[in-house]
Undergrad: 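This is the structure I have questions about; it appears just below.
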Amino acid sequence: SPPPLKDAQNVVQYELLNAPRNQRDLIVQRRQFGLNEFWDIGTTPYNDTLYNDNGPSADVYAYDYRLVTLNECGDSVYSNINTSILLTGNKIGSLAMAFTFSPYLGWNNGVERYELYRQLEDKTGYVLYNTYPNPTKDSFGNGRDHYGQRYRIKAYELNGDRISWSNDIVMYYEPIIFVPNAFTPDANGRNEIFRPECSGGKDF
């Protein structure tokens with residue numbers, strides 16, 4: 001599936017197993033990962049399957065989500081808790097970047113793998129760039145590839161068909177131009193063509 005269109009929005013997907021019996025609205029709750037208290041952020045019909053949360057700071061925090069409903073006795077019944085992925089990164093040089101990401105939590109069997117997707121701004125769609133078995137740190141010296149690069153993490157459920165996307169991060173590289181002052185067109189395969197070397201530039 002394609003990545004989310006809005007980076008500032010978390011989409012919560014759920015399934016109510018006893019939907020024919022329960023016909024009350026569901027309360028959606030959220031908390032910042034690592035904190036204790038959940039907060040009500042909205043309601044959704046019992047027969048719906050998606051809730052769009054437009055309020056989180058998805059580039060800053062991972063969040064826990066759960067749903068609450070009332071059973072026939074009027075007691076609150078809580079869903080399992082699912083935790084979003086937080087991807088963070090920064091430039092570590094004029095042509096390099098480093099990143100890390102937190103785990104997706106909530107699937108009974110855990111996560112099969114994480115995939116890193118990259119988009120070259122104004123040039124390509126998201127393309128699979130690397131795969132990881134667990135949350136990790138990594139770095140790339142790929143600033144010459146394009147001046148603007150956008151990244152997202154995609155998690156796959158182990159022995160299941162569910163997925164979850166992280167927020168995105170964007171790296172912008174300043175143009176770096178080197179113009180040589182000589183070349184050697186002597187057919188030895190080295191320095192045959194006189195041309196500037198440019199990285200991080202859109203046009204030159």
Side-chain angles (χ1 to χ4, degrees), residues 1-11 33 52-54 56-63 83-105 107 110-158 161-204:
S1 66
L5 296 177
K6 294 182 179 180
D7 188 46
Q9 178 187 75
N10 281 341
V11 180
F33 179 69
N52 295 321
D53 179 14
N54 297 305
S57 300
D59 283 327
V60 181
Y61 304 109
Y63 290 96
T83 306
S84 63
I85 306 167
L86 176 63
L87 173 63
T88 58
N90 59 282
K91 288 168 57 178
I92 55 175
S94 58
L95 296 173
M97 58 87 73
F99 71 90
T100 186
F101 61 94
S102 63
Y104 182 86
L105 303 174
W107 293 328
V111 176
E112 176 188 343
R113 70 185 185 279
Y114 296 91
E115 292 179 344
L116 175 68
Y117 283 78
R118 183 179 74 159
Q119 178 190 49
L120 302 183
E121 190 170 277
D122 301 325
K123 188 175 182 181
T124 69
Y126 278 97
V127 177
L128 178 62
Y129 197 67
N130 211 347
T131 303
Y132 306 95
N134 299 295
T136 187
K137 298 179 180 179
D138 205 351
S139 60
F140 301 110
N142 58 6
R144 293 181 184 274
D145 292 353
H146 199 57
Y147 71 97
Q149 303 182 27
R150 188 182 306 271
Y151 294 87
R152 282 188 189 272
I153 293 289
K154 184 180 184 180
Y156 288 83
E157 180 185 18
L158 179 63
D161 57 5
R162 289 178 291 186
I163 62 167
S164 183
W165 286 94
S166 75
N167 59 304
D168 70 7
I169 57 173
V170 185
M171 299 294 164
Y172 289 109
Y173 296 96
E174 297 297 326
I176 298 175
I177 301 175
F178 169 73
V179 181
N181 60 8
F183 73 118
T184 58
D186 53 8
N188 70 351
R190 294 178 295 177
N191 302 315
E192 301 290 355
I193 302 172
F194 182 85
R195 63 186 175 195
E197 292 291 334
C198 178
S199 63
K202 186 175 183 180
D203 293 298
F204 72 90

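Along the sequence shown, residues carry numbers from 1.
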Undergrad: So, using ring-ring contact (aromatic ring centres under 6.0 Å, His included) as the criterion, who are the partners of F33 when residues are at least two apart?
TA: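 If we apply the ring-ring contact (aromatic ring centres under 6.0 Å, His included) test to F33, skipping adjacent residues, there are no hits.
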Undergrad: Would you sort out whether Y173 and Q149 count as a side-chain hydrogen bond (donor to acceptor under 3.5 Å, both in side chains), showing the intermediate values?
TA: CA-CA 9 Å; Y173 296 96; Q149 303 182 27; 4.8 Å; no
Undergrad: Could you check N130, T124, D145 and say which one makes a side chain to side chain donor-acceptor pair (under 3.5 Å) with R118?
TA: D145
Undergrad: NZ of K154 to OG1 of T131: how many Å apart, nearest 0.5 Å?
TA: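 If we round to the nearest 0.5 Å, K154:NZ and T131:OG1 are 11.0 Å apart.
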Undergrad: Which heavy atom in Y104 sits nearest to a heavy atom in A155, and how many Å separate them?
TA: CB-CB, 4.2 Å
Undergrad: Report yes if some heavy atom in the side chain of E192 is under 4.5 Å from a heavy atom in the side chain of P185; otherwise report no.
TA: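 Touching, per the 4.5 Å side-chain cut-off.
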Undergrad: Report the residue from F101, Y132, Y129 that forms a ring pair (Phe, Tyr, Trp, His ring centres under 6.0 Å) with Y114.
TA: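 Between Y114 and the candidates, ring pair (Phe, Tyr, Trp, His ring centres under 6.0 Å) is satisfied uniquely by F101.
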Undergrad: Got a second to check how far Q119's CD is from H146's NE2, nearest 0.5 Å?
TA: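 Answer for the CD-NE2 pair, Q119 versus H146, is 9.0 Å.
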Undergrad: Find the distance between CD (Q9) and CG (N52) and round it off to the nearest 0.5 Å.
TA: 4.0 Å
Undergrad: Indicate yes or no: at least one non-hydrogen side-chain atom of Y151 is less than 4.5 angstrom from one of M97.
TA: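 Yes, at least one pair of side-chain atoms sits under 4.5 Å.
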Undergrad: Write down the atom of D168, the atom of R150, and the distance for their closest heavy-atom approach.
TA: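 Looking at all heavy atoms of both residues, the shortest contact is OD2-NH1, 2.9 Å.
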Undergrad: Output the distance between atom CG (L86) and atom CG (N167), rounded to the nearest 0.5 Å.
TA: 5.0 Å
Undergrad: List the steps and the verdict of side chain to side chain contact (heavy atoms under 4.5 Å, CB included) for S57 and Y63.
TA: CA-CA 9 Å; S57 300; Y63 290 96; 3.7 Å; yes
Undergrad: Identify the two heavy atoms, one from P180 and one from R195, that lie closest to each other, and give their separation to 0.1 Å.
TA: CD-O, 3.4 Å
Undergrad: Atom CZ in F99, atom CD1 in I92: separation rounded to 0.5 Å?
TA: 11.0 Å
Undergrad: Return yes if some donor-acceptor pair links the side-chain N/O of S102 with the main-chain N/O of I85 below 3.5 Å, else return no.
TA: no
Undergrad: Kindly give the heavy-atom pair with the smallest separation between K91 and E174, and that separation in Å.
TA: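 Heavy-atom minimum between the residues: NZ-N, 4.3 Å.
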Undergrad: If you compare all heavy atoms of Y117 against all heavy atoms of L128, which two are closest, and at what distance to 0.1 Å?
TA: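 What the structure gives for the nearest pair is CD2-N, 3.4 Å.
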Undergrad: Say you draw a straight line from OH of Y126 to CZ of R152; how long is it, rounded to the nearest 0.5 Å?
TA: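 Those atoms lie 4.5 Å apart.
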Undergrad: Return the minimal non-hydrogen interatomic distance between P196 and I177, and the atom names on each side.
TA: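 Looks like CB-CG2, 4.3 Å.
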